[in-house]
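Note that the structure is a prediction, hence the values are computed from the model and not measured.
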Amino acid sequence: MSDAKKDSGDLMEKLVALCKRRGIIFQSSEIYGGIGGFWDYGPLGVELKRNIKAAWWEDVVRANDNIVALDCSIIMNPKVWEASGHVGGFSDPMVDCKECRSRFRTDKVAYVSLAKGENVLLAAAVEADDDPEAVAAAIATANSKARRRIENAGDELTKTVTFLSAIPEGETGSCPKCGGELTEPREFNLMFQTYVGALQDSSAVAYLRPETAQGIFANYKNVLDTSRMKLPFGIAQIGKSFRNEINPRNYTFRSREFEQMEIEFFCHPDEAEKWYIHWRDTRYQWYVDHGLQSDKLHLRDHDPDELAHYARGCADVEYDFPFGQAELEGVANRTDFDLKAHQEHSGRDMTYFEDELWKTEAPKYTADKFDGDKKAAKKAAEEAKSKMPYRFTPFVIEPSGGVDRATLAFLCEAYTEDEAPDEKGNMQTRVVMKLHPRFAPIKMAVFPLVKKDGLPEIAHEIHNEAKAAGMASFYDEKGAVGRRYRRQDEVGTPFCVTVDGQTLEDQTVTVRDRDSLEQNRVPISEVISYVRQRINR
RNA sequence: GCGGCCGUAAUUCAGUGGUAGAAUGUCAGCUUCCCAAGCUGAACGUCGUGAGUUCGAAUCUCAUCGGCCGCUCCA
């Protein structure tokens with residue numbers, strides 16, 4: 001194991017231990033042995049996560065006139081998931097090899113037979129996406145003798161490719177890797193199932209949503225009809241989603257219950273590319289602005305062959321976690337795929353009518369433009385109104401971020417060990433969470449330097465004032481002040497306010513900066529606004 | 001899902017068949033006018049869980065749950 005890898009592994013272990021010890025993240029149901037893929041946020045963790053969500057909400061929903069928000073139910077009519085493709089289409093049947101334990105998608109295993117007349121020259125099981133690839137892969141397995149025969153066969157060569165997915169039920173294939181026997185195909189559906197109502201029969205089956213997006217699409221018409229929004233506009237939502245991940249791993253990164261913060265931004269198809277670029281760059285910058293400015297943050301455009309079938313463009317904001325580079329947020333141009341799918345499945349009209357454009361151009365369709373033929377004018381108008389540029393299905397740009405992933409990335413980025421002097425001036429290792437002040441669970445801690453001489457009373461007063469002013473403040477009078485500073489460093493508190501002997505004389509306190517360790521004297525009357533101003537800048 | 005390693009206090013770990021430990025942290029008090037290791041005292045353990053072997057199991061066996069690493073998967 002390389003040193004870098006070992007160090008990053010250490011970082012993850014230290015972070016996990018710190019998060020447990022300081023009440024940031026706990027394993028769910030820990031007293032019962034836990035449950036894989038589920039995590040709880042402790043007293044400080046929930047504040048951190050709330051602050052991250054609040055920042056997103058302020059920057060996305062409140063700051064943009066063309067974005068409104070929504071809070072959809074987690075369980076929806078199951079037809080939603082048929083329309084979206086989560087039931088049926090995408091839940092690929094899989095097979096396992098009983099010999100070598102490899103797993104394959106049935107539509108990726110092909111059986112190739114190359115024959116000249118009735119003479120089979122080559123039969124092979126291969127992994128492939130399509131027929132030509134399968135043939136090529138099969139030939140690659142052939143020995144030189146067989147290869148020569150195949151080449152010599154020329155036009156007489158018959159190529160038969162059968163994918164495992166097309167093999168009749170009851171029959172099993174052989175493993176492309178080892179030739180072993182494969183299991184029957186099995187459905188892997190990543191959606192959690194439940195039953196709505198007391199009767200647990202098949203008609204009552206419902207699903208916990210695997211993404212928040214579909215609730216937005218299903219409500220697109222409602223929002224359009226009630227919010228007085230016009231294209232382009234976005235609908236934002238923060239909420240829990242659930243995926244029955246085969247193998248949850250990497251702390252909270254791949255959880256089975258997770259929270260998404262997501263925008264579905266609806267726009268004219270001609271403007272989709274422009275908005276895609278806009279959101280991709282805006283969302284990337286958001287992470288930079290909140291502390292992931294290091295070279296660990298990446299904006300990665302997907303290769304065309306990597307794109308989902310419905311997407312025309314997709315970029316991931318990725319972060320170098322200790323366990324590897326992984327996605328924080330995906331920004332995709334989903335085209336009109338979703339609205340069209342819901343229109344088809346629900347029978348509801350999902351198109352958009354540009355009435356302002358129509359109003360200005362309607363005079364083109366008056367009778368006098370058609371030699372006084374009112375009927376022809378009306379017909380032409382109706383026809384024009386029914387299609388572009390007046391009526392169309394909007395395209396959707398989807399910036400979809402993982403709240404828990406963002407939280408984890410900010411935690412990883414914030415974890416720092418540096419050197420600070422102890423009371424004797426010896427340098428000691430200091431653990432400090434350099435969280436963005438906006439995210440810090442506690443913004444300001446208030447200490448009396450010593451627990452006597454009336455200092456605690458003054459400190460209490462400052463603390464109460466801070467709370468009244470809406471500042472997340474924390475009071476601590478226990479033990480040596482250095483220890484209190486270090487405790488706050490560990491949870492990322494940006495400022496510590498200390499009441500000392502001089503306070504009694506001139507009504508000033510010291511404000512100590514988490515990162516620089518510098519202290520400034522500030523009048524008590526100004527301390528809250530001082531801290532607030534330093535946090536916001 | 002497969003393979004390997006692991007699970008003991010809040011945290012990090014020691015303890016290989018015979019009375020559960022250390023350090024750090026936490027709490028109470030003292031001390032202390034500014035950066036954790038000054039003093040005194042205290043609390044804290046279903047040894048992941050269940051079964052088995054044994055006179056006796058943290059220790060051995062099996063199962064199960066959870067975690068880490070590598071594959072695999074990720075609409």
Check whether any side-chain N or O of [X] sits under 4.0 Å from OP1 or OP2 of [N], and answer yes or no.
{"X": "Asn250(A)", "N": "C69(B)", "value": "yes"}
{"X": "Lys452(A)", "N": "U32(B)", "value": "yes"}
{"X": "Arg249(A)", "N": "G70(B)", "value": "no"}
{"X": "Arg486(A)", "N": "A36(B)", "value": "yes"}
{"X": "Arg21(A)", "N": "U12(B)", "value": "no"}

Using the P atom on both, measure G41(B) against U24(B) and round to a whole Å. 15 Å
Practice problem: Can you tell me, in whole Å, how much space there is between the C1' of G45(B) and that of U40(B)? | Solution: 25 Å
Re C44(B): Watson-Crick or G-U wobble partner, both distances kept under 3.5 Å, found to be none
Assign Tyr251(A) to base, sugar-phosphate, or nothing according to its heavy-atom contacts below 4.0 angstrom with the strands shown. sugar-phosphate
- Indicate, with a heavy-atom threshold strictly under 4.0 Å, whether Ile31(A) touches base, sugar-phosphate, or nothing. base
Is a side-chain donor-acceptor pair under 3.5 Å present for [Y] with [X]?
{"X": "Ser84(A)", "Y": "Gln214(A)", "answer": "no"}
{"X": "Asn520(A)", "Y": "Tyr530(A)", "answer": "yes"}
{"X": "Thr416(A)", "Y": "Asp418(A)", "answer": "no"}

Comparing Asp489(A) with Lys20(A), nearest RNA chain B nucleotide closer to 5' gives the residue Lys20(A)
Practice task
Could you pick out which residue, Ala480(A) or Glu245(A), lies toward the 5' side of RNA chain B when each is mapped onto its nearest nucleotide?
Solution key: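 Result: Ala480(A).
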Of the nucleotides [options], which one has an atom closest to the side chain of [X]?
{"X": "Lys478(A)", "options": "A28(B), G66(B), G1(B)", "value": "A28(B)"}
{"X": "Tyr485(A)", "options": "C27(B), U11(B), C34(B)", "value": "C34(B)"}
{"X": "Ala17(A)", "options": "U26(B), C34(B), U12(B)", "value": "U12(B)"}

Tell whether [X] reaches the base of [N] with its side chain through a donor-acceptor pair below 3.5 angstrom.
{"X": "Tyr32(A)", "N": "C65(B)", "result": "no"}
{"X": "Arg254(A)", "N": "C74(B)", "result": "yes"}
{"X": "Gln519(A)", "N": "C34(B)", "result": "yes"}
{"X": "Asp500(A)", "N": "C34(B)", "result": "yes"}
{"X": "Arg512(A)", "N": "C35(B)", "result": "yes"}

Aromatic rings Phe242(A) and Phe192(A): how do their planes relate, parallel, tilted or perpendicular, breaks at 30° and 60°?
->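 Answer is perpendicular, since the angle exceeds 60°.
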Note to self: With a sphere of 6.0 Å drawn around CZ of Arg50(A), does it hold more than 12 non-hydrogen atoms of other residues, nucleotides or ligands?
What the structure shows: no
